[in-house]
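These figures come from a predicted structure and were not determined experimentally. Below, each value reflects all heavy atoms present in this structure, side chains not excepted, and no hydrogens, waters or symmetry copies. Lettering follows sequence order; numbering is per chain, from 1.
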Amino acid sequence: SQTIHQWPATLVQPVGSPLSLECTVEGTSNPNLYWYRQAAGRGLQLLFYSVGIGQISSEVPQNLSASRPQDRQFILSSKKLLLSDSGFYLCAWTPITGANVLTFGAGSRLTVL
Amino acid sequence: AQSVTQLGSHVSVSEGALVLLRCNYSSSVPPYLFWYVQYPNQGLQLLLKYTSAATLVKGINGFEAEFKKSETSFHLTKPSAHMSDAAEYFCAVSESGANSKLTFGKGITLSVRP
């Protein structure tokens, strides 16, 4: 069966520090991968999605970037965090074919101080 | 373009009462529709999905939703609320077909009173 892992689960970082959140999927090949951010009272915002290694699409301009160095690995990064980067970050995947059912990781809560 | 509207941010029901969470969508093509549930500090879990088959869709934990094209709605219901249903619920829409991205509503927090 397929599983998705995200880490770290919780992170407290000072303003201006770098960020790296990692997501890996097991039990499938060629998944579509997504990073969402959930801010309080604002629902889910799609940040990045990827349909293959090295292929990243950005949905909104921001202080963050994403990379997909391997088929089942998706990394969210920042060189210098802002206070507004605080939130709950969710990685998700869908199979390359099918009914677009997103399967989410457990999330990473980032607090920027 | 597609969008989802979930009116209100919070619904409170008594244990054993009917749960009704509303969702209206906008899509220029036949949609796929989804309901997800999120418990505190966890990821989202799929409750049910509509993908152009039966308009009444049954999901996990006793929830169901009915696709009504004429009303552009996909409301979520459960006949009898349980304390464990307290969570945040998200409606989402995508275009039919593979590789279409989901657009989420802002979510509704369901509280269940004993």
Side-chain angles (χ1 to χ4, degrees), chain A residues 2-11 21 23-25 28 30-52 55-60 74 87-111, chain B residues 1-10 21 23-25 27 29-54 57 59-60 65 67 74 87-109:
Chain A
Q2 302 93 356
T3 56
I4 179 169
H5 303 280
Q6 261 188 263
W7 69 93
T10 305
L11 197 59
L21 301 179
C23 171
T24 60
V25 180
T28 187
N30 304 317
N32 295 327
L33 296 171
Y34 305 80
W35 278 111
Y36 284 86
R37 176 168 58 201
Q38 186 177 18
R42 297 181 61 183
L44 277 80
Q45 180 185 34
L46 179 61
L47 302 176
F48 301 96
Y49 72 95
S50 172
V51 299
Q55 300 179 61
I56 309 295
S57 296
S58 175
E59 289 294 295
V60 292
F74 205 25
F88 193 49
Y89 289 83
L90 290 157
C91 182
W93 74 275
T94 61
I96 199 166
T97 59
N100 309 327
V101 176
L102 279 166
T103 300
F104 286 85
S108 299
R109 184 163 300 283
L110 170 65
T111 303
Chain B
Q2 55 202 25
S3 65
V4 169
T5 301
Q6 293 183 255
L7 291 178
S9 60
H10 186 238
L21 303 180
C23 172
N24 289 89
Y25 71 91
S27 178
V29 299
Y32 287 169
L33 293 158
F34 308 81
W35 275 100
Y36 283 83
V37 61
Q38 183 181 32
Y39 299 101
N41 294 311
Q42 295 185 25
L44 278 70
Q45 178 184 4
L46 181 69
L47 272 179
L48 49 81
K49 64 182 187 289
Y50 166 77
T51 56
S52 72
V57 181
I60 62 172
F67 171 68
F74 191 58
E88 191 162 14
Y89 292 80
F90 292 90
C91 183
V93 62
S94 77
E95 295 182 0
S96 54
N99 296 324
S100 296
K101 292 171 286 181
L102 270 69
T103 299
F104 286 85
K106 292 189 174 182
I108 297 177
T109 300

Between B:Y89 and B:T109: side-chain donor-acceptor atoms closer than 3.5 Å
no
What part of B:Q38 lies closer than 4.5 angstrom to a heavy atom of chain A: side chain, backbone, both or neither?
side chain
Part of A:E59 within contact of chain B (heavy atom distance under 4.5 Å)
side chain
Using non-hydrogen atoms and a 4.5 Å limit, figure out which bit of A:Q6 sits close to chain B: side chain, backbone, both or neither.
neither
So which part of B:L44 gets closer than 4.5 Å to some heavy atom of chain A, the side chain, the backbone, both or neither?
both
Proximal component of A:L46, with respect to chain B [non-hydrogen, under 4.5 Å]:
side chain
Under 3.5 Å: donor-acceptor pair, side chain of B:Q2, backbone of B:Y25
no
Measure from the ring center of B:F90 to the ring center of B:F34 and say whether it is less than 6.0 Å.
no
Stacked cation flag A:R37 on A:Y89, 6.0 angstrom / 45 deg:
no
Is the shortest distance from a Lys or Arg side-chain nitrogen in B:E95 or B:K101 to a carboxylate oxygen in the other one below 4.0 Å?
no
Most contacts with chain B, counted as non-hydrogen pairs under 4.5 angstrom, among A:L44, A:L90, A:T103:
A:L44
